[in-house]
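Okay, so here's the structure we're looking at.
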Amino acid sequence: MTVIAFSLFMTTRIFLVTLFFSFFLKINGLKVKSSFFCNNCGAESPKWIGKCPSCQEWNTYNEEIIEKKTIHEEKEMMWKSSKKGKVIPKKLDEIGTLSTQRINTLDAELNRVLGGGLVFGSIILVGGQPGIGKSTLLLQLALKQKIKVLYVSGEESEEQIKMRANRIGNNNSDCFIYTDINVNNILKEAIKLSPEVIIIDSIQTLVSPFIDSTPGSVSQVRECTGELQRFAKETNISVFIIGHITKEGGIAGPKLLEHIVDVVLQFEGDQHYSYRILRTLKNRFGSTDEIGIYAMDVHGLREISNPSELLISPDDGHLSGSSIAASVEGMRPLLIETQALVSPSIYGTPQRSATGFDLRRLSMLLAVLEKRCGLPFGQNDVFLNIAGGIKVTDPSIDLAVVTALISSLQDIHVSKKICFAGEVGLSGEIRPVSRVEQRIQEAARLGFDTIFISAYKSELLSKKNFGLEVRLLSKIDDLLKEVFA
Ligand code: TYD
Ligand code: MG
């Protein structure tokens, strides 16, 4: 009885407090509108829900205030009203193509990932973990140009940016630095300055004055990106946006951001190594198979046009446990060194550890070697490492991994003039991989003697002389006979 009376009392109290607040806000001419957003995928809901129906994640909904005032006219910004009514429907034939309207960024790697240069009026999102070099990459881009660039930073002061620019060394007299976080002010300045490229560092620091939530919240990020996108399309100015990455590896803020922008680039690499890879995740103006490779040194990022030469260590002649994979990253052939260490297990359960390679795939390859070749990996600890801090997802590296494992187990040296390209199947068969000819040509260019590939459909390979010996394997047992006999 007491419990019911108490809960009735509490409900009435909450009701009265809510009534009072809504009355108070009304007499002040304010109407606070809030909504709930999933901070994983950006889905919106009018009420709190435990499990997101869109991305199936639990406990990701947060309340955010989305509008401060009821007066919608205020939303009409200066740059928008000035352009209002100018866009009319056009016939498809009357619209010019974009192919000729590209800016050469003077950075061969960036041009490559953008699909041949920067398209006018495009909006590009550059994501990456903190400290990986996003600000350096884009400031360097701004300094290299011979065109007018506006670099907007909400993260660093003008002096900090100047220090970084001094470190990089280049100078563009038409590079303007602006430190503000209000998207409305930024766009007003951009209209006055009319640069060809705008760089925003970073989207998580920007705020729109029409939204009351904190910078970096889903609704702020979405609104600011939306404003920038409309601005880019109406003024034909290209906009680069830097975005931080969440712990899970996705670009922080809603997935929706990726839908709004034209190009999504991801900057990745291991902080302990100097190599950085710029990958295209989405590109409305080109292929998503391209990668750009850089190295971070004391004067900023250096373009690496010939990565294979850097990723392979010189042949010592007697060391076991290493082999070279002719892999392909994006569309670029890349020869990578794989290293394995197999040693008797001291503790009960053997350890397995992999850097730059999927641990489950390593377990699978060990099981195949154990079952099909009878090799005793079950009693050994196994450590695998891909050189240069590179993460490889190309399955063609399997054959080189298997070779390195056997080489370490049997302590037999494998010559560094031999490379491998093949996927290993569950029954121990060597499966063919894509772009075989490109891999063979790259191996020949780098002076390899021999390449091992899958025998399957090898008759489709062109009969020309590649300048190195191409040897065929159909089963994993063939590898033992041909390389370790
Ligand atoms: P930064 O561009 O600030 O990373 P992000 O914007 O992605 O957070 O890069 C920071 C790192 O780069 C920092 O650890 C220092 C290093 N760095 C160099 O090694 N050389 C250089 O010339 C510059 C400018 C930075
Ligand atoms: Mg930065």
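Order of appearance sets the numbers: ligands from 1, and atoms from 1 within every ligand.
Listed by chain and number, Ser135 OG are the protein N/O/S atoms closer than 2.8 Å to the Mg ion (ligand 2), with waters left out.
The protein non-hydrogen atom at the shortest distance from atom 13 (C) of ligand 1 is Gly131 O, 4.6 Å. With respect to atom 12 (O) of ligand 1, the closest heavy atom belonging to the protein is Met296 CE, 3.2 Å. At the top of the distance list for atom 1 (P) of ligand 1, counting protein heavy atoms only, stands Arg164 NH1, 3.4 Å. The protein non-hydrogen atom at the shortest distance from atom 2 (O) of ligand 1 is Thr136 OG1, 2.6 Å.
Among all heavy-atom pairs drawn from Leu335 and Ile324, the shortest one is CD2-CG2, 3.9 Å. Taking both residues in full, the closest heavy atoms of Ala325 and Ile397 are given as CB-CG1, 3.5 Å, listed atom of the first, atom of the second, then distance. The shortest heavy-atom contact between Asp398 and Gly422 is CB-O, 3.5 Å. Here the shortest heavy-atom pairing between Phe176 and Asp174 reads CD1-O, 3.5 Å. When all heavy atoms of Arg222 and Ile260 are compared, the closest pair comes out as O-CD1, 4.3 Å.
When Gln140, Arg167, Gln129, His299 are checked for heavy-atom proximity to atom 25 (C) of ligand 1, Arg167 turns out nearest.
For an aromatic pair to be called close, the ring centres must be under 6.0 Å apart, and Tyr61 with Phe36 fails this.
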| task | Check the pair Asn111 / Thr105 against side-chain hydrogen bond (donor to acceptor under 3.5 Å, both in side chains), numbers first and verdict last. | result | CA-CA 6 Å; Asn111 280 346; Thr105 61; 2.6 Å; yes
| message | Checking Ser35 against Glu44 for the side-chain hydrogen bond (donor to acceptor under 3.5 Å, both in side chains) test, could you report, in this order, the C-alpha distance in whole Å, the side-chain angles of both residues, the deciding distance, and whether it holds? | response | CA-CA 7 Å; Ser35 199; Glu44 190 179 346; 2.9 Å; yes
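You'll find the side chain of Ile440 reaches within 4.5 Å of the side chain of Ile451, heavy atoms only. Taking 4.5 Å as the limit, some side-chain heavy atom of Leu193 sits within range of a side-chain heavy atom of Lys148. Leu206 has its side chain within reach of Leu228: a pair of non-hydrogen atoms, C-beta onward, lies under 4.5 Å apart.
Ring-plane geometry between Phe267 and Tyr294 is classed as perpendicular, the angle between the planes exceeding 60 degrees on a 0 to 90 degree scale with a lower cut at 30.
For the pair Gly133 and ligand 1, a heavy-atom separation below 4.0 Å is found. Judged by the shortest distance from any of its heavy atoms, Glu155 lies outside the 4.0 Å radius around the atoms of ligand 1.
Here is the list of ligand 1 atoms found below 4.0 Å of a heavy atom in Asp297: 18 (C), 19 (O), 20 (N), 21 (C), 22 (O). Applying the 4.0 Å criterion to heavy atoms of Pro130 picks out, from ligand 1, the atoms 8 (O).
If you look at Ile242 next to ligand 1, there are no close heavy atoms at all, none under 4.0 Å. Of the heavy atoms in Lys134, both backbone and side-chain atoms come closer than 4.0 Å to ligand 1. Both the backbone and the side chain of Ser135 come within contact range of ligand 1, each with a heavy atom under 4.0 Å.
Taking any N or O of Ile168, backbone or side chain, none lies under 3.5 Å from an N or O belonging to ligand 1. At least one N or O atom of Val298 sits closer than 3.5 Å to an N or O atom of ligand 1.
Contact annotation for atom 21 (C) of ligand 1: protein present (non-hydrogen atoms, distance under 4.0 Å).
Applying side chain to side chain contact (heavy atoms under 4.5 Å, CB included) to Val261 and the options Thr225, Val126, Ile124 leaves one that passes, Thr225.
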